[in-house]
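All remarks here apply to the structure that follows.
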Amino acid sequence: MYVVPGSASKSIASHLVRELSADTADVEIRRFIDGECYVRVKSDLKGEDVIIVQNTYPDENIIETILLKSAVKDMEPKSITLVIPYLGYARQDRKFQDGEAVSAKALARILSIDVDLVITVDPHKNYIVDFFETKASFCSAVPEIVKYLLPKDIDVVLAPDKGAVERAEEAAKILGCESDFLEKKRISDEIVEMKPKEIEVKKKTVAIIDDIISTGGTMAKAVEEIRKQGAKDVYVACTHGLFIGNAIDKINRAGATEIISTDTIENAYSKVKVAPQIAKTLKENFPN
Ligand code: R5P
């Protein structure tokens, strides 16, 4: 079994090599002066089970993923599994207005080509895996996030909006505490409002968990609201930490005690590793 590390997911790929006792394929990935991508797989992968690990964010990594699949396929491997730690474009998972492209579906179609199995982590909505035209599954990063939160003695886990409530419930169940959600109203890409809602957080230690932190607008508002209601400590955790622009500043200024993300997108806050959950899901679904 070989792991092919994409340039956006090298760290997860190396953890997966260890988890699966696999080999790392030798790949050369670079950009031409005009920005186009060059991919060469140097290891001989004929007859091998091959696992390509690569995010589809930002856009340039979509092209890299397509080229990696193509190079691997030409080598006639036994199977190809595509692990996408962060599946970009997943938030447009339906038509909100006539004529819109459902980007989650469009991307899933392209990524399915030549692939026997797709595994992703916390897709924005679980049903997104059904958009793939090949076998696809996902794992949750919540069990790993919870391991990190365990020593913090969390009293309440909150979702910053109703859409994220299942994740908060999953974490609260493992932590053995209460869960609830805030009422978010999105005004624009960067601005959100929290509708007033009383939650029992006075003098309590709270964790707010979401799938993605992008501009930080959602989390900053959620932290602000919970601080206003008298929480003692507010831990902020997400699976995919995009942290665009001054997201971290916004969340800190709102009063976060600590910001935690997983390593699906490698950044300074990647305190939680998702490779164990990916390896487990991979073993459960492996195409043999
Ligand atoms: C939205 O439904 C997602 O779960 C996140 O809440 C959202 O993507 C966060 O975006 P931002 O950090 O820009 O508020």
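If you're wondering where the values come from, they're calculated on a predicted model, not measured in any experiment. When a ligand or atom number is given, it counts from 1 through the structure's own listing order. Keep in mind that the numbers below use all heavy atoms, side chains included, and drop hydrogens, waters and symmetry copies.
Between Lys78 and Glu48, every side-chain heavy-atom pair lies at or beyond the 4.5 Å cut-off. No side-chain heavy atom of Thr81 sits less than 4.5 Å from a side-chain heavy atom of Asn285.
Among the candidates Tyr235, Tyr148, Tyr269, the single residue satisfying the side chain to side chain donor-acceptor pair (under 3.5 Å) test with Glu258 is Tyr148.
A salt bridge between Arg227 and Glu224 is absent, with no side-chain N of the basic residue lying under 4.0 Å from a carboxylate O of the acidic one. In this structure, Lys250 pairs ionically with Glu190, as a charged nitrogen and a carboxylate oxygen lie closer than 4.0 Å.
Protein neighbours of ligand 1 below 4.0 Å, counting non-hydrogen atoms: Arg91, His124, Asp161, Lys184, Arg186, Asp210, Asp211, Ile212, Ile213, Ser214, Thr215, Gly216, Gly217, Thr218.
Other residues, nucleotides and ligands place no more than 12 heavy atoms under 6.0 Å from the NZ atom of Lys73.
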